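Below is one structure, written out as structure tokens; comments come after it.
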Amino acid sequence: MLFTSLLEAAQNSPFKTPFSAASCQASTRSDGVSQLTPNHHIMAAAAAAGDSCEFGSNTYFALCGLGGIISCGLTHTMVVPLDLVKCRLQVDPAKYKSVFKGFSITLKEDGIKGLSKGWAPTFFGYSMQGLCKFGLYEVFKVMYSNAIGEENSYLYRTWLYLAASASAEFFADIALAPMEAAKVKIQTTPGFANTLREALPKMSAQEGISAFYKGLVPLWMRQIPYTMMKFACFERTLELLYKYVVPKPRQDCTKGEQLIVTFAAGYIAGVFCAIVSHPADTVVSKLNQAKGASAFDVAKQLGWAGLWGGLMPRIVMIGTLTAAQWFIYDAVKVYLHMPRPPPPEMPESLKAKLGVA
């Protein structure tokens, strides 16, 4: 219901993109010709030639959500072995002293199959998160641009990206929390459960519903800064790459070249994402292992140095993950012939005010 109302609000926004001209209510002349304004001939916004949907439509937002499911669900599942070792390194650094040691011990104790532990909650959890993260980001971006206007949407576009991504991640983490708790429990508690079907009833029986949401607050602390960095850094890096690095305008680049730029911007964003969200990630991993502990207790027990355990494998994992997610998300848009607006440009009205040629 909430998602539907957000879609409707965004669809009715006069700003179909934060950086485009507003659309207006049409009126009809006496001769039956529809006009957007009584004294001017302006064409109504419509899907561009070759596009499968109109930017800002319900179809567009739904397909963005589908792209999020594919990009997040697939990529997080692909790196489950590295994620498993990273989690074990965080919760038991005495045993798993390094990434290579972690892989060696896991292979010795559980075999090659042991590296796939937690794949099911990872796939389902991050698919649901991807739906909300990418789908709602596009919705909130249009809604907030409507609230502040076209010119401010350009001038304060970084803040727009930050606000839209934070709002989207708030809901995405609520969808992710139960599966994230089950994943960490499977991966870091020996003998607890080997599959999602085993873990869910055990967790419910032992701690009730709180077992699935006790990590929600630290999850917000980890994921919201991560996502804010992921989207804002990506959007601005993409803009800078096309402005200063790519030798030709975006519209002159092939789809393949555009996807390469997307991947590069995604990897740069991913490195920053990993750094800003890592302490909270360590707390989440330890918290879901330690029964009855609070996030503050865990952070105090770990200490400053302990909060940064497993940072290097996480930089590799998150950098690659974020780049792959943006690449897949953009590739889905290309494959489905969805609108892909170019990097933002200063509106003509603002150029006139500032005297910019």
Side-chain angles (χ1 to χ4, degrees), residues 68 72 75-76 79 83-84 86-93 118 121-122 125-126 128-134 136-137 140 158-159 161-185 187-188 203 207 209-234 269-315 317-319 321-322 325:
C72 290
T75 52
H76 278 277
V79 295
D83 183 49
L84 179 143
K86 182 267 300 180
C87 287
R88 290 182 173 180
L89 188 63
Q90 289 172 328
V91 302
D92 194 357
T122 297
Y126 283 94
M128 291 186 290
Q129 187 212 36
L131 168 66
C132 298
K133 184 198 296 276
F134 282 92
L136 288 179
Y137 171 71
F140 281 118
T158 300
W159 292 104
Y161 303 144
L162 291 170
S165 57
S167 301
E169 189 60 37
F170 177 86
F171 295 103
D173 289 342
I174 295 173
L176 170 64
M179 293 294 105
E180 177 73 3
K183 174 188 78 75
V184 174
K185 200 77 171 175
Q187 291 179 338
T188 63
M203 292 172 68
E207 300 180 65
I209 192 69
S210 64
F212 303 108
Y213 288 100
K214 71 177 184 179
L216 180 58
V217 172
L219 194 61
W220 277 330
M221 292 169 61
R222 179 189 83 183
Q223 288 297 132
I224 290 178
Y226 163 83
T227 300
M228 291 170 72
M229 183 66 72
K230 175 179 181 174
F231 281 85
C233 185
F234 170 79
V271 172
F272 288 101
C273 289
I275 294 171
V276 301
S277 64
H278 189 74
D281 178 70
T282 304
V283 172
V284 170
S285 296
K286 191 71 176 177
L287 187 65
N288 283 311
Q289 183 202 39
K291 185 177 178 180
S294 68
F296 180 77
D297 293 335
V298 169
K300 187 177 179 180
Q301 179 187 349
L302 288 169
W304 178 251
L307 290 172
W308 296 97
L311 177 60
M312 287 310 297
R314 190 158 188 269
I315 285 178
M317 182 183 79
I318 297 300
L321 200 69
T322 305
Q325 284 178 0

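Just so it is clear, the model here is predicted, and its values are computed rather than measured. All values below were derived from every heavy atom in this structure, side-chain atoms included, with hydrogens, water molecules and symmetry-related copies excluded.
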Do we see a donor-acceptor contact under 3.5 Å between the side chains of Y126 and T75? no
Value for OG (S165) from CG (L136), rounded to nearest 0.5 Å, stands at 12.0 Å
Here the pair of heavy atoms bringing L321 nearest to H76 is CD2-CE1, 3.1 Å
Criterion side chain to side chain contact (heavy atoms under 4.5 Å, CB included) on F234 and T322, from CA distance to verdict: CA-CA 10 Å; F234 170 79; T322 305; over 6 Å; no
Closest approach of Q187 and R88, non-hydrogen atoms and distance? O-NE, 2.7 Å
Step-by-step side chain to side chain contact (heavy atoms under 4.5 Å, CB included) determination, K230 to E169: CA-CA 11 Å; K230 175 179 181 174; E169 189 60 37; over 6 Å; no
Do Y213 and D173 come close enough that some side-chain heavy atom pair is under 4.5 Å? no
Looking only at heavy atoms, the pair that brings K183 and D83 closest together is NZ-OD2, 2.7 Å
For the residue pair F231 and Y137, categorise the inter-ring angle as parallel (less than 30°), tilted (30 to 60°) or perpendicular (more than 60°). tilted
Ignoring hydrogens, what is the shortest heavy-atom contact between V276 and P225? Give both atom names and the distance. CG2-O, 4.0 Å
Between CH2 on residue W159 and CE on residue M228, distance to nearest 0.5 Å: 7.5 Å
Between E207 and K214, is there a side-chain N and carboxylate O pair less than 4.0 Å apart? yes
Quick check for you: to the nearest 0.5 Å, what is the distance between M128 atom CE and L176 atom CG? 7.5 Å
Heavy-atom nearest pair, P218 first then V283, reads CB-CG1, 4.3 Å
Report yes if some heavy atom in the side chain of R222 is under 4.5 Å from a heavy atom in the side chain of E180; otherwise report no. yes
Flag, side chain of T227 to backbone of I224, donor-acceptor distance under 3.5 Å: no
Could you go through the side chain to side chain contact (heavy atoms under 4.5 Å, CB included) check for F140 and F171 one step at a time? CA-CA 12 Å; F140 281 118; F171 295 103; 3.9 Å; yes
Take F272 and I318 through the side chain to side chain contact (heavy atoms under 4.5 Å, CB included) test and state the conclusion after the steps. CA-CA 9 Å; F272 288 101; I318 297 300; over 6 Å; no
Using every non-hydrogen atom in the two residues, find where A182 and M203 come nearest and quote the distance to one decimal. CA-SD, 3.7 Å
